[in-house]
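All residue numbers in this chain count up from 1 along the given sequence. Ligands are counted one by one from 1 in listed order, and the atoms in each one are counted from 1 as well. Only heavy atoms go into these numbers, but all of them, side chains included; no hydrogens, no water, no symmetry mates.
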Amino acid sequence: MSTVSACLTCGACCATYRVSFYWGEATGAPAGFVPSELTENFHPHLLCMQGTNQASPRCVALEGTIGKQVGCSIYSNRPSPCREFVAGDEAANPFCDKARAKHGLPPLIPVKEVA
Ligand code: SF4
Ligand code: SF4
């Protein structure tokens with residue numbers, strides 16, 4: 001989930017992809033910030049957000065109803081993949097489009113194309 005407002009009525013990416021990241025980002029590591037209790041082991045050097053490594057993913061930190069109103073309960077401490085994922089109205093992102101389509105939502109139009 002990106003920082004732009006479109007995400008607040010979406011949340012599709014948080015319920016589509018496995019969100020994995022280096023274990024050092026979690027609080028079990030000295031400089032970690034992602035709450036370890038919301039993560040699970042995925043690979044010797046990687047963790048993932050609980051709920052995202054399953055057939056029908058939904059991150060345990062995602063609150064609300066997809067396509068209506070959502071929030072990330074650990075927004076300021078979310079892992080790097082969530083920070084780097086760009087919403088489709090910020091810049092073209094086929095992965096945003098794909099996640100939204102999976103949840104019955106139309107693709108977003110990058111702001112630059114609207115102007
Ligand atoms: S799928 Fe795109 S618009 Fe929806 S929450 Fe993720 S980044 Fe935001
Ligand atoms: S940590 Fe937050 S932004 Fe990242 S997938 Fe989970 S709910 Fe979405």
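Between Ser80 and Glu25 the shortest side-chain heavy-atom distance falls below 4.5 Å. Within the 4.5 Å cutoff, the side chain of Asn93 has heavy atoms near those of the Phe85 side chain. No side-chain heavy atom of Gln50 sits under 4.5 Å from any side-chain heavy atom of Thr39.
Across Ala101, Cys13, Pro107, heavy-atom proximity to atom 1 (S) of ligand 1 is greatest for Cys13.
Ordered by chain and number, Cys72 SG make up the set of protein N, O or S atoms under 2.8 Å of atom 2 (Fe) of ligand 2.
Counting the atoms of ligand 1 from 1 in the order shown, those under 4.0 Å from a heavy atom of Leu108 are 3 (S). The distance from ligand 1 to the heavy atoms of Phe85 drops below 4.0 Å at these ligand atoms: 7 (S). Counting atoms of ligand 1 from 1 in the listed order, those under 4.0 Å from a heavy atom of Gly11 are 4 (Fe), 5 (S).
Contacts of Asp89 with ligand 1, taken as heavy-atom pairs under 4.0 Å, are absent altogether.
Here Phe21 sits in one hydrophobic cluster together with Val19, Tyr22, Trp23, Phe33, Val34, Leu38, Leu47, Met49, Val60, Ile74; the rule is ILVMFWY side chains under 4.5 Å apart, joined directly or through other members.
Arg100 places a side-chain N or O within donor-acceptor distance of the main-chain N or O of Pro106, the cut-off being under 3.5 Å. Distance alone, capped at 3.5 Å, places no donor-acceptor pair between the Ser20 side chain and the Cys48 backbone. At distances below 3.5 Å, at least one donor-acceptor pair connects side-chain atoms of Arg58 with backbone N or O atoms of Leu62.
The environment of CD in Gln69 is sparse: at most 12 heavy-atom neighbours from other residues, nucleotides or ligands sit within 6.0 Å.
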